[in-house]
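Below: one structure, written as structure tokens.
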Amino acid sequence: MRLYLKPGACSLSSRIVLTELGATFDAEQVDTQAGLTETDADYRRVNPKGYVPALELDDGTVLTENPAILQFLADTHPAAALAPPVAILERARLQEWLNFTASELHKAFSPYFRGHPLDATEGQQAADRLARRVGDVAHGLADGRSFILGNAFTVADAYLFVVLNWSHAIGFDLTRWPRVGAYVARIAERPSVREALRAEGLLAGEAAA
Ligand SMILES: N[C@@H](CCC(=O)N[C@@H](CS)C(=O)NCC(=O)O)C(=O)O
């Protein structure tokens, strides 16, 4: 398998899951602006949508969209139990959190990554929207659970962690939501997460592997 990624981007969640699974994979960085991979391949031929992640399977098939990739990895490695079985409510819960993370939380960060500073009004609107969505995560963790579905780490935690962790990059303070801050810190300590962060040069004080 080959994972197309940008360091620290949402593709990191796929890397965390591949690492958690102990899967063998190649990692290829993409310059999405230039549309080129680090081996100078035309990325649009891999993923015409132009963004990461994309997962290329050994037969050349390409799968895109974070929630699809994460569930595919979990479902093809059932022994790792990174997703509840299909057709039970817990699986729908997993999808509920994956969809929320992709379409609500992830997109609430988008204004901060547009490449130009936000003016005061835009900044306030973006902060309010993001606070609302982080509050939704706090609500999901309100019963003191360790992971977003309960007591076990799932692919939803990999994606939720990666997106919430952008708070540090944009200077968005999570202390208003102590359970969310503790959740991010807890997931960050997981060996697979540390290994994936290290591989992308994101472990404080350490260079990229
Ligand atoms: N709907 C896509 C969104 C993926 C996405 O937003 N990828 C971002 C990085 S997190 C990206 O590649 N953006 C283009 C860029 O940064 O130039 C998914 O869920 O996989």
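First listed ligand is number 1; within each ligand, the first listed atom is number 1.
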Is any side-chain N of the basic residue among R145 and D143 closer than 4.0 Å to the acidic one's carboxylate O? yes

Anything under 30° is parallel, anything over 60° is perpendicular, the rest tilted; go ahead and classify F109 against F113. parallel

Review item, side-chain donor-acceptor pairs of residues 126-139, under 3.5 Å, at least two apart:
from, atom 1, to, atom 2, distance (Å)
D128, OD1, Q124, NE2, 2.9
R133, NH1, D136, OD2, 2.7

Return the orientation label for the F172 and W177 ring planes: parallel under 30°, perpendicular over 60°, tilted otherwise. parallel

Please report the C-alpha distance between L73 and L82 in whole Å, then the side-chain angles of each, then the deciding distance to 0.1 Å, and finally whether the side-chain contact (heavy atoms from CB on, under 4.5 Å) criterion is met. CA-CA 9 Å; L73 289 172; L82 294 182; over 6 Å; no

Can you check whether Q33 has an N/O within less than 3.5 Å of an N/O in ligand 1? no

Atoms of ligand 1, numbered as shown, that sit under 4.0 Å from any heavy atom of P53: 20 (O)

Aromatic F25 / basic R2 pairing, under 6.0 angstrom, 45° off normal: no

Whether over 12 other heavy atoms sit under 6.0 Å from D119 CG: yes

Looking only at heavy atoms, is any part of K49 under 4.0 Å from ligand 1, and if so is it the side chain, the backbone, or both, or is it neither? neither

Are side-chain heavy atoms of V162 and I16 found at a separation under 4.5 Å? yes

Heavy-atom proximity to atom 13 (N) of ligand 1, best of Y51, F113, Y4: Y51

Quick one: side chain to side chain donor-acceptor pair (under 3.5 Å) partners of T64, sequence neighbours excluded? K49

Consider every N or O of W166 and every N or O of ligand 1, then say whether any pair is closer than 3.5 Å. no

Within the 4.0 Å heavy-atom shell around A9, which atoms of ligand 1 are there? 9 (C), 10 (S)

Quick note on ligand 1: atoms under 4.0 Å from a heavy atom of N66 include exactly 18 (C), 19 (O), 20 (O)

Would you mind listing which atoms of ligand 1 come within a distance below 4.0 Å of any non-hydrogen atom of K107? 6 (O)

Could you check atom 14 (C) of ligand 1 against the protein and tell me its nearest heavy-atom contact, residue, atom and distance included? T32 OG1, 3.7 Å

What residue and heavy atom of the protein are closest to atom 10 (S) of ligand 1, and at what distance? C10 SG, 2.6 Å

Which one of V30, V52, L12 has a non-hydrogen atom at the shortest distance from atom 8 (C) of ligand 1? V52

Side chain, backbone, both or neither: which part of A102 has a heavy atom under 4.0 Å from ligand 1? neither

Shortest protein contact, atom 16 (O) of ligand 1 (heavy atom only): K6 NZ, 3.0 Å

The protein heavy atom nearest to atom 1 (N) of ligand 1 is E65 OE1, 2.6 Å

